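Working notes for the structure below.
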Amino acid sequence: MEYIEEVLAKCKKDDKSTVVGTILAGVFFFGMFPIVIIFFNVSKLLGLMLFLGAFLIPTIGFLLGTRLGKILFNLKKVKFNKTKLYKKLEKKGYLNEFIDTINKEINNVSTIKYYDENGHGLLITETWFVFIDSLYPKFVKTSEIVKISDELDVNRSRFFMCLELKNNKYIRIDHLSCDEIEKEIKIKYPNIEIGTGIIEE
């Protein structure tokens, strides 16, 4: 479980850093108005400075906040038994099987480990496909997956990863694309198809 604990620690660290960044962006946004008005009160540039400040200052605040958050929340690991993934597995009755098989398969040649810059992880072993996320973890037996595709959410204009299962159900995984791991999946799991647009409107 060490790999999952490390990835979940990164997820939590990124989540908390984003919260700090968002708070600091808000503080910078509302703090910017009185400062700009004081310094540019009688200037013709007042409107322009307010307009630029409304976008630029909060962005600077967010970037500073995320950096500060990563320094403040220097998590190395989280305890697996304290995670949402653990609770979901326990509820479904897969917990012991999951722990046993992951520990056996984690270092296999066929295992795929992936972690993106947005704080989301993926672990694919011969038995399990696991989306590692501190808030919305998902798991399914690898043998149940027929196809993996990138789908477009028209309402939000955003792509998401979609798993088509043998029972004709789908699992949606936001924030990840199969582009990054497509070649590795094709080599290590040739029985799983890779494509786009598998969901019919």
Side-chain angles (χ1 to χ4, degrees), residues 1-18 70 73-151 158-199:
M1 295 298 105
E2 191 172 335
Y3 174 75
I4 291 175
E5 289 175 339
E6 286 174 4
V7 173
L8 284 169
K10 289 178 185 175
C11 292
K12 281 200 169 185
K13 184 178 178 180
D14 289 339
D15 289 344
K16 289 182 178 182
S17 298
T18 302
K70 285 180 180 179
F73 303 105
N74 191 19
L75 298 170
K76 300 278 183 185
K77 237 187 234 188
V78 297
K79 289 186 178 178
F80 181 61
N81 61 357
K82 302 287 184 186
T83 64
K84 287 192 176 182
L85 178 58
Y86 181 96
K87 289 171 186 171
K88 278 190 168 187
L89 286 160
E90 191 174 40
K91 188 176 179 181
K92 294 275 186 181
Y94 287 127
L95 184 60
N96 292 331
E97 180 190 357
F98 182 86
I99 292 170
D100 289 343
T101 49
I102 289 293
N103 286 335
K104 287 175 186 172
E105 298 171 354
I106 191 71
N107 295 317
N108 287 0
V109 180
S110 60
T111 296
I112 298 173
K113 299 174 186 176
Y114 175 74
Y115 180 79
D116 72 7
E117 59 186 18
N118 298 316
H120 304 100
L122 202 60
L123 177 65
I124 307 173
T125 73
E126 291 174 16
T127 308
W128 297 101
F129 181 104
V130 190
F131 173 55
I132 308 170
D133 183 78
S134 57
L135 298 175
Y136 307 105
K138 294 181 181 178
F139 60 89
V140 67
K141 292 277 183 81
T142 307
S143 59
E144 292 300 310
I145 302 170
V146 175
K147 195 171 187 179
I148 301 174
S149 71
D150 282 332
E151 299 288 333
R158 186 183 296 174
F159 280 96
F160 62 93
M161 184 187 286
C162 182
L163 310 181
E164 180 183 0
L165 307 181
K166 287 180 179 176
N167 60 5
N168 294 320
K169 290 185 178 179
Y170 299 97
I171 295 177
R172 174 183 175 139
I173 300 175
D174 289 316
H175 312 298
L176 274 185
S177 166
C178 62
D179 284 348
E180 300 293 325
I181 53 169
E182 181 178 340
K183 288 180 182 177
E184 202 172 359
I185 292 172
K186 283 181 176 177
I187 292 167
K188 295 181 177 180
Y189 297 95
N191 55 315
I192 298 176
E193 292 181 59
I194 303 290
T196 55
I198 62 174
I199 299 177

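It should be emphasised that the depicted structure is a prediction, and the values quoted were computed from it without experimental measurement.
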Of all heavy-atom pairs linking Thr111 and Glu184, the shortest is O-OE2, 4.3 Å
Taking all non-hydrogen atoms of both residues into account, name the closest pair between Lys188 and Ser110 and its distance.
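Distance-wise, the nearest heavy atoms are CD-O, 3.5 Å.
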Looking at [atom1] of [X] and [atom2] of [Y], how far apart are the two atoms once the value is rounded to the nearest 0.5 Å?
X	Y	atom1	atom2	value
Asp133	Leu122	CG	CG	11.5 Å
Tyr115	Leu176	OH	CG	11.0 Å
Phe160	Ile171	CZ	CD1	12.5 Å
Leu85	Leu135	CG	CG	12.5 Å
Glu193	Ile185	CD	CD1	12.5 Å
Ile187	Glu182	CD1	CD	10.5 Å

With a sphere of 6.0 Å drawn around OH of Tyr3, does it hold more than 12 non-hydrogen atoms of other residues, nucleotides or ligands?
yes
Below 30° counts as parallel, above 60° as perpendicular, anything between as tilted: where do the rings of Phe80 and Phe98 land?
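Taking Phe98 first and then Phe80, their aromatic rings lie parallel (interplane angle under 30°).
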Please say which of Glu151, Met161, His120 ends up in a side-chain contact (heavy atoms from CB on, under 4.5 Å) with Ile173.
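For Ile173, the side-chain contact (heavy atoms from CB on, under 4.5 Å) check succeeds only for Met161.
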Identified side-chain contact (heavy atoms from CB on, under 4.5 Å) partner of Phe129 from the options Leu123, Val140, Ile192
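Only one option passes, and that is Val140.
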Yes or no on side chain to side chain contact (heavy atoms under 4.5 Å, CB included) for Glu126 and Thr101, after CA distance, side-chain angles and deciding distance?
CA-CA 9 Å; Glu126 291 174 16; Thr101 49; over 6 Å; no
Side chain to side chain contact (heavy atoms under 4.5 Å, CB included), that's the test. Do Ile181 and Ile124 meet it? Break it down for me.
CA-CA 10 Å; Ile181 53 169; Ile124 307 173; 4.3 Å; yes
Short side-chain to backbone donor-acceptor contact, Tyr189 and Thr125, under 3.5 Å
yes
Determine yes or no for a side-chain-to-main-chain donor-acceptor pair under 3.5 angstrom, with Asn167 supplying the side chain and Lys169 the backbone.
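Yes: the side chain of Asn167 pairs with the backbone of Lys169.
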Electrostatic pair Glu97-Lys141, nearest N-O below 4.0 angstrom:
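Salt bridge flag = yes for Lys141 with Glu97.
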Ring-face cation of Lys88 near Phe139 (centre distance under 6.0 Å, axis angle within 45°):
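No, a cation-pi geometry is absent between Lys88 and Phe139.
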